[in-house]
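Please read the structure below before turning to the comments.
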Amino acid sequence: MFRPLILIAALAAIAGCASAPAYAPAATQGAAGYSETQIESNRYFVTYRAAGAGDAALIQDFALLRAAELTVQAGRDWFWVDRRTLDEHDTSRSGPSIGVGIGGGNWGRHTGVSVGVGMNFPIGGQSGPRARSATLEVRFGEGVKPDDPNAYDAHALSANLRARLLAPR
């Protein structure tokens, strides 16, 4: 009797581990993964989006890792984070909605037209799956990194985050 319960608990634990966000580029805009948007020659918005409500620290670390990679790809030494945001998004439609329908028909020599209006008010708890994203506004720099907590050495940060986040387990 206890064996099926142990098996179910073990499968649930494995499934929980499998749902951790992966570090990869987003396949499409708004999909899970990292993406960047260039806003000036040395300034970018870097976003990492998790498919579920993932760990906020991990999501922010993935955004920092991508910012470090972009900095190195641009041939720069360090980057500065001007702004950080952590957002949680509802991935399904929620809230009240209104629908309108128009119909017509005839019966014998009589013709009729009707108009109907319907309203929907969701009254449940959470309406659907949620996603979390971290966005950084970064700019690149060369030479000696400023002594400020918003400035990051791209090479050192990339190496440290890769060793901690992407090492085989």
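Note on Tyr34: it clusters hydrophobically with Phe140, by side-chain heavy-atom contacts below 4.5 Å among ILVMFWY residues. A single hydrophobic cluster is seen to contain both Phe79 and Leu161, as judged by linkage of ILVMFWY side chains at heavy-atom distances under 4.5 Å, directly or through other members. Linking Ile, Leu, Val, Met, Phe, Trp and Tyr residues whenever their side-chain heavy atoms come within less than 4.5 Å places Leu64 and Leu58 in a single cluster.
For the pair Asn150/Arg84, a side-chain contact is recorded, criterion being any heavy-atom separation below 4.5 Å from C-beta on. By the 4.5 Å heavy-atom criterion applied to side chains, Glu36 and Val138 are not counted as neighbours. For the pair Lys145/Asp77, no side-chain contact is recorded, criterion being any heavy-atom separation below 4.5 Å from C-beta on. Using a 4.5 Å cut-off on side-chain heavy atoms (C-beta onward), Leu65 and Leu157 make no contact.
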Worked verdict on Tyr23 versus Phe62 for ring pair (Phe, Tyr, Trp, His ring centres under 6.0 Å)
CA-CA 7 Å; Tyr23 185 72; Phe62 280 161; 5.2 Å; yes

Start with the C-alpha gap between Arg49 and Ile59, add the side-chain angles, then the distance that decides, and say whether side-chain contact (heavy atoms from CB on, under 4.5 Å) holds.
CA-CA 7 Å; Arg49 183 179 321 268; Ile59 292 166; over 6 Å; no

Using the rule given for side-chain contact (heavy atoms from CB on, under 4.5 Å), can you reason through Leu136 versus Arg83, listing the C-alpha separation, both sets of side-chain angles and the distance that settles it, and then say yes or no?
CA-CA 6 Å; Leu136 308 174; Arg83 187 172 35 151; over 6 Å; no

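What you find for Trp80 and Asp148 is that their closest heavy atoms are CH2-CG, 3.6 Å. Contact detail for Ala27 and Ala31: the closest heavy-atom pair is N-CB, 4.2 Å. Closest approach of Ala56 to Leu86, counting heavy atoms only: CB-CD2, 3.5 Å. Summarising the geometry of Ala50 relative to Ala32, their closest heavy-atom pair is C-CB, 4.3 Å, with the distance given to 0.1 Å. Here the shortest heavy-atom pairing between Ala63 and Ala134 reads CB-O, 4.0 Å. Contact between Pro146 and Ala151 at its shortest, heavy atoms only, is O-CB, 3.7 Å.
Listed by chain and number, the residues in a salt bridge (charged side-chain N to carboxylate O under 4.0 Å, His left out) with Arg76 are Glu142 (sequence neighbours excluded). Annotation: side-chain hydrogen bond (donor to acceptor under 3.5 Å, both in side chains) contacts of Arg162 (sequence neighbours excluded): Glu69.
Sparse packing is recorded around CD of Gln29, with 12 or fewer heavy atoms of other residues, nucleotides or ligands lying under 6.0 Å away.
Salt-bridge check for Asp87 with Arg132: failed, with every basic side-chain N at 4.0 Å or more from each acidic carboxylate O.
Grouped with Phe45 in one hydrophobic cluster are Ile39, the linkage being side-chain heavy-atom contacts under 4.5 Å among Ile, Leu, Val, Met, Phe, Trp and Tyr residues.
Judged by distance alone, with hydrogens and angles left aside, the side-chain atoms of Gln38 form a donor-acceptor pair with the main-chain N or O of Glu40 at under 3.5 Å.
Tested against Val46, the residues Thr37, Leu70, Val81, Thr71 include a single side-chain contact (heavy atoms from CB on, under 4.5 Å) partner, Leu70.
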